[in-house]
Colleague: 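Take this structure, written in structure tokens, and hold onto it; I'll ask about it next.
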Amino acid sequence: MALEFLKIQDEGFVRLVTISRPKALNALNTGVLAELMAEMQRAEADPGCRVVVLTGEGKAFVAGGDIAQMSEMNPAQALKYAEQGHALMRFMEGMTKVVIAAINGYALGGGSELALGCDIVIASRSAKIGQPEVKLGIIPGFGGTQRLARVVGRNAAKEWVLTGDMYTAEQAMRIGFVNKVVDDDKVVAEAMDMAKRIAANGPVAVAVAKKAINEGLQMPLNQALEYEASVFANLFDTHDQKEGTKAFLQKRTPKFEGK
Ligand code: DAK
């Protein structure tokens with residue numbers, strides 16, 4: 001498929017997806033959302049891809065939902081737009097592959113929500129992150145009111161969503177939104193490096209661990225621990241478990257096959 005808004009580059013098992021819609025600071029119009037969904041689906045189905053790094057070209061990661069498109073929407077169209085965003089973030093969370101956000105600049109509104117749909121967030125020192133929707137008379141519509149509160153806690157989420165203020169990468173790291181802050185010119189390299197370390201691990205284990213964390217967060221602790229025990233046990237039927245443990249004992253690098 002010819003892509004209008006994304007650039008794709010593979011390095012081993014890692015796929016770098018760069019959002020490139022410079023005239024609108026990579027704002028998520030319906031076309032960008034559709035291409036992101038198609039690319040995530042392609043990554044999920046591709047055994048040659050284990051980790052996706054998502055970044056933006058230029059001075060923005062993503063400056064938000066597309067304000068020009070939204071200004072013309074009626075409630076039915078807004079609902080469809082919200083559902084398109086929700087479907088993408090849900091798909092990314094449900095992927096067996098890992099998605100790392102490399103926030104290279106503005107991550108506002110839908111951009112912050114896109115990062116919240118990723119598994120790990122690396123940000124450049126000068127990145128600016130926030131949920132400014134109330135300044136436009138709307139609220140976050142791609143999961144921001146829900147995922148942000150789950151990631152950073154109720155009060156920090158309320159401050160972000162109700163003031164609409166922008167925060168530095170350091171501030172976002174302090175509340176647990178961002179995993180790591182690096183110099184501006186290192187953000188993609190750092191994310192790629194982490195992606196490669198994850199891609200070298202047992203792919204089934206990585207997928208199961210991601211799922212266990214995501215699913216477990218929605219359960220009471222006792223149920224979540226039972227869930228963990230059962231999926232842990234299931235791994236003992238996999239090639240990767242046999243290979244990983246044998247390779248350790250034989251003092252060699254494991255050759256994981258993802259099965
Ligand atoms: N949408 C469309 N175009 C945008 C944009 C956006 N979010 N952000 C920037 N642009 C465009 C600008 O209009 C400008 O276009 P031209 O004038 O050159 O044609 C171009 O990108 C460059 O922007 P600036 O000239 O403003 O650049 P500056 O460096 O001066 O400022 C900025 C950068 C990021 C501070 C500024 O552009 C800005 O404040 N942008 C808007 C940030 C924002 O408010 N983002 C949140 C958007 S609202 C929902 C579904 C989804 C959502 C909500 C509800 N439901 C369906 C219920 C999501 C909402 C949002 O994300």
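Order of appearance sets the numbers: ligands from 1, and atoms from 1 within every ligand.
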Colleague: Looking only at heavy atoms, is any part of I67 under 4.0 Å from ligand 1, and if so is it the side chain, the backbone, or both, or is it neither?
Modeller: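 The answer is both.
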Colleague: Minimum distance, heavy atoms only, to atom 46 (C) of ligand 1: which one of P75, P140, P132, G143 is it?
Modeller: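 That would be P132.
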Colleague: Examine ligand 1 and decide if any of its atoms is less than 4.0 Å from a heavy atom belonging to G85.
Modeller: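 Not so, G85 does not reach ligand 1.
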Colleague: Is a side-chain N or O of N104 found less than 3.5 angstrom from the main chain of G56, in a donor-acceptor match?
Modeller: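 Yes.
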Colleague: Between ligand 1 and K59, can you find any atom pair, the residue atom being a heavy atom, that is separated by under 4.0 Å?
Modeller: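 Flag set, K59 near ligand 1.
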Colleague: Check whether any protein heavy atom sits under 4.0 Å from atom 21 (O) of ligand 1.
Modeller: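 Protein heavy atoms within 4.0 Å of atom 21 (O) of ligand 1 - there is at least one.
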Colleague: Donor-acceptor pair, E57 side chain versus R21 backbone, under 3.5 Å?
Modeller: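 Between the backbone of R21 and the side chain of E57 there is no qualifying donor-acceptor contact (under 3.5 Å).
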Colleague: May I ask you to list the atoms of ligand 1 that are less than 4.0 angstrom from any heavy atom of L108?
Modeller: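 Within the 4.0 Å cut-off of L108, ligand 1 contributes 34 (C), 42 (C), 45 (N).
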Colleague: Taking the non-hydrogen atoms of K23, is any one of them nearer than 4.0 angstrom to ligand 1?
Modeller: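 Heavy atoms of K23 do come under 4.0 Å of ligand 1.
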Colleague: Could you give me the CA-CA distance, side-chain angles and deciding distance for E113 and R147, then say whether salt bridge (charged side-chain N to carboxylate O under 4.0 Å, His left out) is met?
Modeller: CA-CA 8 Å; E113 292 168 301; R147 281 195 190 89; over 6 Å; no
Colleague: Could you see which bit of A24 sits under 4.0 Å from ligand 1, with heavy atoms only: side chain, backbone, both or neither?
Modeller: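 Both parts.
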Colleague: Salt bridge or not for E93 and K210, using N-O below 4.0 Å?
Modeller: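 Judged by the 4.0 Å cut-off on N to carboxylate O distance, E93 and K210 do not form a salt bridge.
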Colleague: Could you tell me if any non-hydrogen atom of M70 lies under 4.0 Å from any atom of ligand 1?
Modeller: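 Within the 4.0 Å threshold, so yes.
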Colleague: Measure from the side-chain N and O atoms of R15 to the backbone N and O of E11, and report whether any donor-acceptor pair falls under 3.5 Å.
Modeller: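 Judged by distance alone, no pair lies under 3.5 Å.
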Colleague: If you have a sec, work out which protein heavy atom is nearest atom 7 (N) of ligand 1 and how many Å separate them, to one decimal?
Modeller: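 Going by distance alone, atom 7 (N) of ligand 1 is nearest to G65 O, 2.9 Å.
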Colleague: Using side chain to side chain donor-acceptor pair (under 3.5 Å), reason through T30 and Q84 one step at a time and then give a plain yes or no.
Modeller: CA-CA 8 Å; T30 50; Q84 192 186 9; 5.0 Å; no
Colleague: Tell me whether D46 is salt-bridged to K97, with the criterion being a basic N under 4.0 Å from an acidic carboxylate O.
Modeller: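 Salt bridge between D46 and K97, a charged N being under 4.0 Å from a carboxylate O: no.
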Colleague: F142 and Y81: aromatic ring centres closer than 6.0 Å?
Modeller: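 Yes, the ring of F142 comes within the 6.0 Å limit of the ring of Y81, centre to centre.
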Colleague: Can you find a non-hydrogen atom of I139 under 4.0 Å from ligand 1?
Modeller: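 The answer is yes, since I139 has a heavy atom less than 4.0 Å from ligand 1.
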Colleague: Under 4.0 Å from a heavy atom of A82: which atoms of ligand 1 are those, numbered in the order shown and with their elements?
Modeller: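 Counting atoms of ligand 1 from 1, those under 4.0 Å from A82 are 55 (N), 56 (C).
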